[in-house]
Each structure stands twice: as structure tokens, then as C-alpha cells.
Amino acid sequence: MRLRSGQAGALFVLAAFFLLLPQFVTSSYWLGLWTLTLFYALLGQSWNLLGGYGGQVSFGHAVFFGTGAYVSAVLQVKFGFNAWAGAAVAVAAGGLVGAFLGAVSFRYGLRGSYFALVTLAFAEVFRVLVNSWELTGSGFGMLIPLRPGAAHLQFTDRTWFYYLILALLAAACALVWWIERSRFGAYLVAVRENEDAAQALGIDCFRVKVVAITLSGALASVAGVFYVQYFLFVDSHIGYGPAMSVNALLAPLIGGAGTLFGPLIGAVALGALSELTTLALGKTPGVNLLAFGVLLLVILRFLPNGLMGLFRGRA
Amino acid sequence: MLADPVFLLAVAFNGLTVGAIYALVALGLALIYGVLHIINFAHGSLLMLALYAAFFLFTLGGVDPYVAVLALAPGFFVFGYLLQRFVIAPISFGRDTNVLLVTLGLSIIFDNLALYLWTSTTRTINVPYAQTYVDIGVTAVALPRLVALGAALLVGVAFWLLMTRTDLGKAIRAVARERQGARIVGISVEHIFAVSFGLGTAVVALAACLLLPTFYVTPTVGYAFVLIAFTTVVLGGMGSFIGALLGGLLLGVVEAFSGVLLGESLGQIGIFLIFILVLLFRPTGFFGQRVA
Amino acid sequence: MAVLEAEGVSKRFGGLQAVAEASLRVEPGRITALIGPNGAGKTTLFAMISGFLRPDSGSIRFDGREITGLAAHRVCRLGLVRTFQIVQPFAGLTVRENIAVGGHLKEPDRGRALAAAAAIARQLGMEAMLDAPAQSLTVAGRKRLELARALATQPRLLLLDEVMAGLIPTEVSEIVAVIRAIRDAGVDILLIEHVMQAVMSLSDDVYVLNNGRIIAHGAPGEIAANGDVIEAYLGQGAAHARG
Ligand SMILES: Nc1ncnc2c1ncn2[C@@H]1O[C@H](COP(=O)(O)OP(=O)(O)O)[C@@H](O)[C@H]1O
Ligand SMILES: [Mg+2]
């Protein structure tokens, strides 16, 4: 399938903007901000695949993010893995956790709010486990030793991190774009809209949901791997705490769940809002999230299709 | 040590007193679930707000939490009523996952408002009776914990009376069972929804006042209670009061034992595992009907 | 050999015996109707045949193959597809996208499934609504969408649950023509219907279900003259005939 002309135009403008951005943004503060924005867009795209397209709202996406972060950290620190090899295993592990979580919850028919709460509970179980286990650094967390060089997936020039996350996000968007245009994507959306009707038309809803959560888990763990390489640290609260689960769903919900560019637009909007609140109220803990919460309610009330709803009649 | 019956009883009783608070928090959640069929994710944050309210009434006004409850329970009733009627209902358009997201949004707002206004400092109050221990044979228990246990049981009975013996209770049960039918006979469903939400919030305020003397408050304290309260409600059977009460007490005991067996930090895992297992294998809980 | 054979199928909901020892056969090339008063158990029987409910006892064979207890999506893949009395559209999707979901059963390619959807919509007179969201359709439109989606799966046997309920007479005669055309294209049909003229003019075989039991079976003319049926059903059904 070809791109619709509007989408092609938008894609060109977006690509040009993000590729050229480091030419204009030279301050490390702003470049770091854009890097994090793209990171949240990637995490959001992972949530979007399952929650936006598949309608399976997760409240515990940290369970995948944390798995990506922890597996790559532990493999590097405790088992001497190369960062790239660790990353590959970590992404597979994230997919595996997704498959497992999906298999048990969907096999037992969990839907809607109950699925959301079970994902949260799983994230909490993992948080408690890594917080008590010596291998995962227990309460201290995991510090990755500084080893600059592309071979170790560490960059002294932070611009490379920016391009790395841009490439990862682009790949994730390409995957979602392809799914949108495939039979699997049509089935995923059908499952979201009406499981009974989907079943009647020959769709194995269980399988579709498990595939979606597996892909979603793998994508979120890519974000986890990136996070660990970028900050060289993870602990149980960062990895498996509720904050990352909330971050995963905010961007797509605000930008437009079930749309290709929703997570990116949402992440940019949240980044901008965060800067604005800091300007207005100073860098006090809490103000950013306070504003995010208010924005979430406003969007839910007035723009059920997110900011994307402003561009199109329907998502 | 684990074979010592006196020790086991002491652990169990300690668990019961903690469980009493869980039961109270869960009772409010069970009421809201039973009537509105919604999952209120902001429940823990409401508890946190009530804890702060009790804390400031004590530190700034010198009002003892046990006295403050007389103002806080009605105050939180009104707060809960308004919240449901003018925020949650209009924003969620009555859709299940929307309600979850709206209440998640509210919890983000409450938690971070608290963080912004009162910082992340852990706050406690100092009441003389917190150090009063009552010897109950197998162990000595702090007086406030005994009070909480008694209050949980009393509130359970009061709820039961309210639901079975009053016109309001009848209207609430009518709405819980058959929304459309209740509407037809002239009950304002929106009003009953809000009243139920208000009552659930008032119970949370009560729990906060009973909890504060032996506990602490931080902006994120509610989160710890959210999953526990959900577990309790699920365990007890969605919407069942007796179930919530017994479920809460049971969870307190389970937590106490898994704490002893697995250690302080790993011990929390017991509750989450119970939650997952119950939701997967017995979503009706042990006292309730099948969830829709 | 019969396309579909249900033998002694029963289903109980708590204290209610919704379907009791019901047996019916759908012969190839024919339109078979299942009638009976509201609450007789017709939809429940459909749900068991199509794999949405597992019968408490009895057996169901499709094309000679035992399908009792098979999951709904597997039954559909064998070529037996149902529509829902209470319509179940993919509300947020367009008519085209709705129909294409059915088309994907045999057509993996998205573009071709969408094109096939347009063709089916044309066949059912829905081409004007192709890009309208399903939630904007009228009752008649939604009923038609149910039919279109089911048809898109290219089934061997189509189970239609009250696709004419709530339609005005001109719409009914349109659907009757559509159903005949489907039969002529080689799809066997089992339908539940309250609109008696439609049943009488469309069907070759009629089964009557009352209180979960099949109380009569025969050609439409015989059924109309059957005393039990008139007593159990037609007295009440006549009032229903206008939908
Ligand atoms: N899932 C269910 N649970 C309990 N009772 C049901 C269920 N589905 C149908 N029933 C009951 O079974 C009986 C038959 O219903 P149904 O098959 O829908 O009848 P019909 O389609 O002939 O009108 C009715 O009394 C109905 O209330
Ligand atoms: Mg029916």
C-alpha cells in the first residue's frame, strides 16, 4: 500500500525536522530534552500498539520497560555481555514477558479494567523481586560502567544518542505503519472494537492479542535498553515503578491512541507543557505531572481522539 | 520460632489490625464498585488527601484525628459527591476504561498536587496514646490499632444496616442491581451514583483518621493502598461488603506472615500474587457474583 | 447429506432450560427457517451451532464433521458464519473496513480485501455508505452490515438471526431478494425470522421452536396449518408480523 498524500507530506516534514534538529539545537540541555521526548514517543508507541490499536489498556507497561532495562544491565554488569548482545537478549526477554503476561491474562478472559490492573500488579511483582534480589542490585540498582564507544553502545557525543533514539522511533513507527496496513492490523482493531463480532468472522482473538502484547513488550524493552545506555543506571523504581507505566500511556492518550503519529505528537506536547510549567512555576517536583494529569482530563473530555483529532475528523 | 503458637498468634493479630485498615479502605472501594460498576483508581489518592487533612488539622489546629473524623468524614463525603457528579461522570461518558483513565488522571493530579504543595517529606504526628500498648495475652498491641480493628467491624455493621434498613440503602441497592428499572421508578441514578461515591470517600476519610496515629503520610502513600484495596475487593468478591471486610482482614494476616517468612521487602509480593491469582482463577472472589 | 445436523442439543442457564433436545437439519441448496416465540431459545441454539456456547449435551455436525464445542473462530473458518440479532458492528470503523474484516478470512492482502468489501457493499445496496462510520448507520443499515460482513467471509452456510427485525416493508422485500440471490450463489442458509411473509415466501423448510423444544417441522404451508404451531406461536407471532 502507498502512503496517502497527506501522510507522505507530513512524514517528509517530520523527517526533515528531526534529522536536521541537531544542526540548530546545539545546547546540550535542549538536545537532551528532545532525546527524552523521542524516548517517551517510543515508549508510547509500544503502549499504542497494544492499547491504542488493540484496545487492551495497560497500566503496567513498566513491566516490559523494566525488563529491557534490567536484562541488558544485568547481562553487561554481571555476565560481561557486550552491550549490543545484551540489548538483543533484553528485547527478546521483553517480548517473552509480554507473551507470558498476555497468555495468562487473555487465556482467563481478562478485559478492560481488570487487564489494566493485572498488568500493574505484574509490574509491582517485578519491582519487589528486583528490589530484593542481589543479582539485580537489590535496593541499590544497577550502575553500568562507563565504556565510551559505539561498540559498547555508549556515546560521548550526545548527538549520537539523539540519532539512535530517532532511528529506533522511526523503526517502531515503520512497524506500526506496516501493521496498520496489514491483515493483522485489521484484526487487531477489530478485536478492540468488538470481540464477539471478530470471533464470528473467524478471528482468533486470543492469538491476535498475544501477538500484539509480545510486540508491544519487545518495543517497550527497546526503550528500556536505550534508557540504561543513556543514563547508565536503573533501579527498581525507575524500571518497574508506576511512573514509567504512566509515562507509557500519557503520550499516546494525549496525542491520539490508535494513530500512527499520536505518541510522537503527545510526547512533544507533554515535553512542551513540561517546559512551560517549569517556566511558570519553577522547577518544583510535581508541577509537570500535575499539568499532565490536568491535560489528560481535558483531552479525555474534549478530544477523545487526542490531539490527532484536531487534524482529522476521526482517529 | 515459626512453630511457636504464641508467636504465630501474635503475628496473626498484628496482621488483623493492619487488615482492619485495609478492610476500611476496601469497603469504600467495594461500595463504589458495587453500585457504579467502576474501578476508582483515585481511591488511594483520596486516602492520601484525607491523611494530609488529618495531619494538618492536628499540627495546625491541634485537633486529634479521632475528633477530626467528625469533620473529615462529612467533608470527604461532599468532596466525593462533587467529584463523581461533576468530574468523573461527565468526563468518562460512562465508559468503563474511560472511568479508569479519568480516575488515573485524578490520582496523578492529587498525588502531584500534594508533592507540589507539601513536598515529599514523610510526616507523622505524635499522639500520646500511640505509645499506649494493650496486652491482649499473646502480644501487646498499640491502642490505635485496636481502635481501628473495632472501628472496622463497627463500620461494617453500620454499612450493612444502612444498606438493608434505610430508604437510601434501598435506593442504592436498586440502582446497583437494575439501573434502568431504578430510573423508571423515579430514582435519580446520577444522584445515587454520587452519593455512593461520596460514602465510599467518607469511609476513606475515616480510615485515614484511624491510620494516622500509627502511620505516616507522603504524597505517594496512597499508591501502596490502591492495589491492596483492589486485591481486597477482588478477593472478597466485587461489591460485597462482608467480602471486603473479611478480605481486608485476611490480607493483613497474609501480609504479616509473608513479611515474617520472606522479609520486609520481599514480603509485599504476597499481596500482588494473590491479586493476580484471584483475578485469573476466581474473578468472582469468594463472596460475590461473576464480574460482567 | 445434510450441510448441518444438530442432534439432541440442550443448554441450561441456571434454572432455565433454554434449549432442550433440539434437532434440526439444513439440506444443501435450501433455505431453512427457525421460528418460534420470543425467548423460545432460537438465538441460544444459533450460539451453540456457531461455537459461541458449548452445548450441555447433543452433537452438531457441519459438512459431516463434528464441530460440537469447537471455538467460534474455528467454526467460522470451516465456512459456517453467523450474524447477531443484537447487531455487533465494529462501531469506530467505516462500513468498508467492517466488511473487509470478514473478507480477510480468505484474503490476506489489505488492498484486495478492501476492494472486495466495496463489491459486497454494492451487492447489498450499501455503496453510498462505504466510508461512513458504522456507528452512524440506521438500524436497517446495521442489519445489512451484519449480513455483508458475514458474506465477505465467503461461507458455505450462513446463519441469519432476525436480519429483518425492525425494517419497513420495502426494506424487507429488498433483503428477501438479497437472501435469495445469496442462496442462488450456492450458500446454504439457516435463518431465524419473525416476519412471517418473509418466512413463508423464502424458506423451503421450517422448524418451530417453543420453550426450547422443536415442536414442528415441515414445509411452510404445512407449518401454517399446524394447530400446535398456531397455538404456540402464530397467535402471538401475528402481532409480531409487522416487526
Ligand atoms: N447468557 C444467558 N444467560 C441466561 N439466560 C439466557 C442467556 N441467553 C439467553 N437466556 C435466556 O434463554 C432463553 C432463550 O433465549 P433466546 O435464545 O435469546 O431466545 P430467542 O432467540 O428465541 O428469543 C430466554 O429466556 C433468555 O432470557
Ligand atoms: Mg433471539
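Numbered from 1 within each chain, the chains take letters A, B, ... in sequence-line order.
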Tell me every residue that passes side-chain hydrogen bond (donor to acceptor under 3.5 Å, both in side chains) with Ser45(B), counting only those two or more places apart in sequence or in another chain.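 In terms of side-chain hydrogen bond (donor to acceptor under 3.5 Å, both in side chains), with neighbours along the sequence ignored, Ser45(B) is linked to Asp111(B).
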Tell me, please, which residues at least two apart from Asp235(A) pass side-chain hydrogen bond (donor to acceptor under 3.5 Å, both in side chains).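 Counting only residues at least two positions away or on another chain, Asp235(A) forms no side-chain hydrogen bond (donor to acceptor under 3.5 Å, both in side chains).
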What part of Phe93(B) is in contact with chain A, defined as an atom under 4.5 angstrom from a non-hydrogen atom: side chain, backbone, both or neither?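 Answer is side chain: those atoms of Phe93(B) sit under 4.5 Å from chain A.
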Which residues in residues 99-108 of chain B have any heavy atom closer than 4.5 Å to a heavy atom of chain A?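 Leu100(B), Leu101(B), Val102(B), Leu104(B), Gly105(B), Leu106(B), Ile108(B) fall under the 4.5 Å cut-off.
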Give, as side chain, backbone, both or neither, the part of Arg107(A) having an atom under 4.5 angstrom from any heavy atom of chain B.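 For Arg107(A), no heavy atom lies under 4.5 Å from chain B.
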N/O donor to acceptor pairs below 3.5 angstrom from side-chain atoms of residues 284-303 of chain A, sequence neighbours left out:
{"residue": "Thr284(A)", "atom": "OG1", "partner": "Leu281(A)", "partner atom": "O", "Å": "3.4"}
{"residue": "Asn288(A)", "atom": "OD1", "partner": "Thr277(A)", "partner atom": "OG1", "Å": "3.1"}
{"residue": "Asn288(A)", "atom": "ND2", "partner": "Ser274(A)", "partner atom": "OG", "Å": "3.3"}

Are Trp118(B) and Phe56(B) close enough that their ring centres sit under 6.0 Å apart?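 Here the rings of Phe56(B) and Trp118(B) have centres that are less than 6.0 Å from each other.
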Ring-ring centroid check Tyr70(A) Phe126(A), cutoff 6.0 Å: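 No, too far apart.
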Selection from Leu129(A), Asn131(A), Val104(A), Leu120(A) maximising heavy-atom pairs under 4.5 Å formed with chain B: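 The option with the most such pairs is Leu120(A).
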Can you tell me if CZ on Phe100(A) sees more than 12 non-hydrogen neighbours from other groups inside 6.0 Å?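 Check fails, neighbour count at 12 or below.
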Trp133(A) CH2: over 12 foreign heavy atoms closer than 6.0 Å: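 Open.
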